[in-house]
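Remarks on the structure that follows.
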2 protein chains.
Amino acid sequence: MPEAQSPTRKRIVDAATRLFYAEGIGRVSVDAVAEEAGLTKRTLYYHFKSKDDLIAAYLDGRDQPNLKRMAGWFDAAEGGVDRKVEAIFTNLAKAAHHPKWKGCGFLRTAAELASMPGHPAIKVGSRHKSNFETWLAGELSDCGVEEPQALAREIVLLIDGSFSIMLIHRNPDYVEAAGRAAATLVRARIAGDQV
Amino acid sequence: MPEAQSPTRKRIVDAATRLFYAEGIGRVSVDAVAEEAGLTKRTLYYHFKSKDDLIAAYLDGRDQPNLKRMAGWFDAAEGGVDRKVEAIFTNLAKAAHHPKWKGCGFLRTAAELASMPGHPAIKVGSRHKSNFETWLAGELSDCGVEEPQALAREIVLLIDGSFSIMLIHRNPDYVEAAGRAAATLVRARIAGDQV
DNA sequence: TTGTGTATATTCACTAGTCGGTATACATAG
DNA sequence: CTATGTATACCGACTAGTGAATATACACAA
């Protein structure tokens with residue numbers, strides 16, 4: 001029974017994170033993860049009962065960092081709530097320029113596992129996306145926006161649309177366009193227009 | 001040199017389409033495609049020079065059918081252009097209920113190939129998504145919408161966001177929400193509001 | 001202090017099977 | 001007799017996962 005907080009386990013998850021995000025879960029072997037972590041495959045299987053479990057652990061480790069990153073962008077932005085929402089997209093577009101950027105690990109993993117809807121990693125991804133949506137709705141509510149839940153959901157759709165389209169076109173203009181659309185939707189809820 | 005219109009080739013692409021869409025390109029072997037097509041792997045490699053080529057052919061074969069399907073939904077919808085746009089989403093939500101529905105093959109393939117941005121299949125996907133965006137912009141323009149290109153792009157983002165989120169949450173409510181957001185964006189361009 | 005038992009943690013070597021791709025041969029049709 | 005298409009059989013590399021042995025650390029008894 002391995003410890004849940006073992007430093008070895010952390011090394012394995014870190015190695016898996018680097019490789020799975022860079023190459024995709026299907027293109028990375030358990031052998032490759034073990035080598036990247038600097039230990040043998042047998043040790044890896046001592047800490048994780050299967051590759052599927054390792055994949056879930058990889059995503060679980062990305063939940064809070066990703067959330068904090070988005071929240072940081074939102075908090076740091078100047079101006080009204082529409083500008084704060086737009087800031088998420090402009091920062092996303094900036095991040096997408098990095099050569100190591102490969103989209104959203106949660107969405108890519110869900111795409112790879114589309115034929116296994118009950119996979120533990122997809123449940124982790126679902127929880128992460130819900131966490132983000134809930135956090136955003138809370139922020140929007142604090143800013144006095146009407147129907148914050150509905151608006152948060154629409155913004156989430158634009159963010160995840162940006163992630164997906166970027167993998168096809170590799171053109172950050174789409175992320176900027178999504179940011180403008182999001183700002184439009186925010187203003188529609190501030191003005192109290194027709195929904 | 002195999003013929004481009006060979007019925008054998010078509011049988012192979014049809015088999016690949018069924019398997020690649022159902023399981024994902026990485027989880028389907030060339031052997032499996034050959035068996036599904038009812039011929040040997042050697043014959044498959046007579047018609048396609050590599051698995052990568054076969055993947056590109058699979059997506060290429062989906063370009064026009066997918067386009068026509070979306071256009072059919074748009075054309076058949078009653079009401080103003082906002083209702084026609086929303087109809088794409090409501091039909092999408094309906095389609096997503098089918099047990100064989102596994103999201104957008106183009107996006108899922110791009111996600112699987114995120115580490116190979118120049119892959120021929122991604123180019124095919126990029127062209128398909130551009131074709132759709134161009135068609136939609138034309139329809140919006142015909143309906144007298146302002147800035148049809150910008151609006152088409154925003155709607156594309158919501159559609160692809162719906163595809164992606166559905167693979168995580170398996171909840172069609174997100175598609176309906178995207179449809180309402182799209183209709184809001186359309187009306188903002190009809191009224192001539194702030195962009 | 002020394003010896004022994006036990007749980008945790010790690011390694012080497014291996015299995016049984018799959019992967020994309022190919023060498024060779026054999027049809028059949030122009 | 002050449003071009004097109006198909007089949008059998010095979011290749012070396014890689015796949016997820018495992019069996020058996022062992023290293024390490026700490027508890028407790030003599």
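Remember, predicted model here, so these are calculated numbers, not experimental data. Every chain is numbered from 1 and lettered A, B, ... according to where its sequence line falls, protein lines coming before strand lines.
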| field | Of A:Leu39 and A:Asp31, the one whose closest DNA chain C nucleotide lies more 5' | value | A:Leu39
Starting from [atom2] on [N], measure out to [atom1] on [X] and report it in whole angstrom.
X       : N      : atom1 : atom2 : value
A:Leu54 : D:dT15 : CG    : P     : 14 Å
A:Tyr46 : C:dA7  : OH    : P     : 11 Å
B:Lys41 : C:dA23 : NZ    : P     : 13 Å
A:Asp53 : D:dG17 : CG    : C1'   : 13 Å
A:Arg27 : D:dA16 : CZ    : P     : 13 Å
B:Lys10 : D:dG5  : NZ    : P     : 17 Å
B:Phe48 : D:dT6  : CZ    : P     : 12 Å
A:Leu44 : D:dG17 : CG    : C1'   : 11 Å

Using a 4.0 Å heavy-atom cut-off across all strands, classify [X] as base, sugar-phosphate, or nothing.
X       : result
B:Val28 : sugar-phosphate
B:Ser50 : sugar-phosphate
B:Ser29 : sugar-phosphate

| A:Lys123, NZ atom: more than 12 neighbouring heavy atoms under 6.0 Å | no
| task | Tell whether B:Lys51 reaches the base of C:dG21 with its side chain through a donor-acceptor pair below 3.5 angstrom. | result | no
| message | Suppose we call a contact any N or O donor and acceptor under 3.5 Å apart; does that hold for the side chain of A:Arg42 and the base of D:dG19? | response | yes
| task | Walk me through it: do A:Lys10 and A:Asp14 pass the test salt bridge (charged side-chain N to carboxylate O under 4.0 Å, His left out)? | result | CA-CA 6 Å; A:Lys10 182 177 183 324; A:Asp14 288 349; 2.9 Å; yes
| field | Proximity to the side chain of B:Tyr45 - top-ranked nucleotide from C:dG20, D:dA16, D:dA7 | value | C:dG20
| query | Of the nucleotides C:dG20, D:dT6, C:dT10, which one has an atom closest to the side chain of B:Thr8? | reply | D:dT6
| field | Carboxylate-amine/guanidinium proximity below 4.0 Å for B:Glu176 and B:Lys94 | value | no
| query | Do B:Arg153's NZ or CZ and the ring of A:Tyr174 fall within the cation-pi criteria of under 6.0 Å and 45°? | reply | yes
| said: Within 45 degrees of the ring normal and closer than 6.0 Å to the centroid, is that where the cationic atom of B:Arg108 sits relative to B:Tyr21? | reply: yes
| said: With a cut-off of less than 4.0 Å, is there a side-chain N or O of A:Thr40 near OP1 or OP2 of C:dT11? | reply: yes
